[in-house]
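When a ligand or atom number is given, it counts from 1 through the structure's own listing order.
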Amino acid sequence: MLYRSFGKTNEKVSILGFGCMRLPLLPGGDSSKIDEKKAIELIRYAIDNGVNYVDTAYTYHGNSSTKGGEGEPLVAKALKDGYREKVNLATKLPSWLINQGSDMDKYLNEQLKRLETDHIDFYLIHSLNRDNWKRVKENGVDEFLDSAIKDGRIRYAGFSFHDKLKLFKEIVDYYDWSFCQIQYNYSDENFQAGTRGLKYAAQRGLGVTIMEPLRGGKLVNSLPKEARAIFDRSGFKRTPAEWGLRWVWNHPEVKVVLSGMNSMEQVKENIKTASKVEANLLTEKELKIIDQVKDVFNSKMKVNCTGCEYCMPCPSGVNIPGCFSAYNNYSIFGKGDDTYNSISSEHRASKCKECGRCESLCPQGISIRSKLKDVRYLLEKVPAL
Ligand SMILES: NC(=O)c1ccc[n+]([C@@H]2O[C@H](COP(=O)([O-])OP(=O)(O)OC[C@H]3O[C@@H](n4cnc5c(N)ncnc54)[C@H](OP(=O)(O)O)[C@@H]3O)[C@@H](O)[C@H]2O)c1
């Protein structure tokens with residue numbers, strides 16, 4: 001495992017972090033039913049092999065955007081038996097639930113209990129966009145963070161971000177953050193904070209952690225065959241996952257790349273890659289190959305969905321990420337693709353009642369209602385009302 005210095009903190013962090021948003025599930029696919037034995041095995045294997053950064057959040061693996069999910073309690077179990085002392089633990093304050101200053105203390109204290117620890121190493125204000133930023137700023141987020149650092153409940157303060165570059169810079173400059181988390185991968189170079197945001201934060205001494213380095217797995221599972229062929233013809237023996245992660249680590253400003261791994265094969269492969277990839281190693285030729293793949297991938301994507309499930313559960317029962325995955329797969333793999341058939345009728349796009357709740361929660365800013373109409377028209381042959 002390779003390590004990098006984490007911005008202005010004195011910490012040395014593993015370049016691969018364990019992202020706990022996509023842990024293995026029990027049969028049935030309910031994201032609140034984690035396969036605990038397997039998840040604990042994966043997390044501990046990663047730590048035994050050098051990973052020293054574990055990232056979770058209040059709502060991960062839950063069935064609601066307003067209640068604590070099963071993610072934090074699972075991480076608490078995984079970090080028993082001496083593992084807690086070996087890692088930097090990161091979790092996130094649900095910014096969208098903050099209605100008054102005291103809410104921030106309330107959630108942090110609850111999270112310390114759920115994680116069975118007396119401190120969080122890296123505490124993030126979760127999913128900042130214009131609305132959530134206004135919400136926490138007006139409720140005194142700076143005073144809250146100062147006091148939580150002072151009394152030792154958190155060691156370092158940061159934020160995770162899903163909005164435009166201008167707002168990103170404004171937030172970076174507002175507080176003496178130690179770190180931040182941005183979405184970054186070869187398809188999203190110029191999306192949200194992007195490369196310019198990455199450099200801006202790093203220049204100001206923030207350690208930068210990366211979420212969705214493989215676009216939630218889409219740069220592996222939804223790679224069009226023309227794009228795969230470019231990798232195959234390149235002469236390099238690398239999987240799409242290795243290509244994707246190498247691209248992110250190639251940036252010296254990136255410190256921790258979080259990966260939401262859910263099988264031992266993924267954990268082993270990513271650890272192997274993280275043991276050999278320094279920054280600035282990719283040649284012009286390799287970067288060109290990735291550029292070509294990116295162009296094919298971006299041209300085929302119908303919806304910019306990463307499957308993070310922040311929009312779920314839908315009050316009308318629509319499986320929103322499933323519908324979009326089917327839509328993209330149809331565009332990428334053609335008419336023979338039967339992803340949509342695996343979604344039962346009560347969870348299909350035509351059940352959307354257009355309440356719009358999902359759109360306020362989507363980190364990618366997708367016009368979900370309108371895109372679901374496209375899905376409905378294309379895959380159910382039902383015209384929009
Ligand atoms: N703060 C926020 O707002 C926010 C938002 C999103 C994520 N996050 C954090 O960032 C972490 C990382 O994001 P992410 O989970 O979206 O990461 P990601 O690496 O983009 O996607 C993870 C998925 O990629 C696939 N994958 C990973 N390694 C692979 C390998 N070696 N071979 C084949 N497939 C591989 C798997 O997909 P399959 O299992 O489908 O094959 C896996 O579930 C999250 O887990 C979470 O902790 C934070």
Applying side-chain contact (heavy atoms from CB on, under 4.5 Å) to Lys351 and not counting sequence neighbours gives Val318
Task: CG (Asn10) with more than 12 external heavy atoms under 6.0 Å - done: no
With Glu354 as partner, the option from Lys373, Lys371, Arg369 fulfilling salt bridge (charged side-chain N to carboxylate O under 4.0 Å, His left out) is Lys373
Transitively linked via ILVMFWY side-chain contacts under 4.5 Å: Leu258 with Phe179?
yes
Are the side chain of Asn250 and the backbone of Asn280 linked by a donor-acceptor contact shorter than 3.5 Å? yes
ring-ring contact (aromatic ring centres under 6.0 Å, His included) test vs His126 passes for just one of Phe161, Tyr58, Phe159, Tyr310, namely Tyr310
Within the 4.0 Å heavy-atom cut-off around ligand 1, the contacting residues, ordered by chain and number, are Gly19, Cys20, Met21, Arg22, Asp55, Tyr60, Lys92, His126, Ser160, His162, Gln181, Met211, Glu212, Pro213, Leu214, Arg215, Gly216, Gly217, Val220, Asn221, Ala241, Leu258, Ser259, Gly260, Asn262, Gln266, Glu269, Asn270, Tyr310
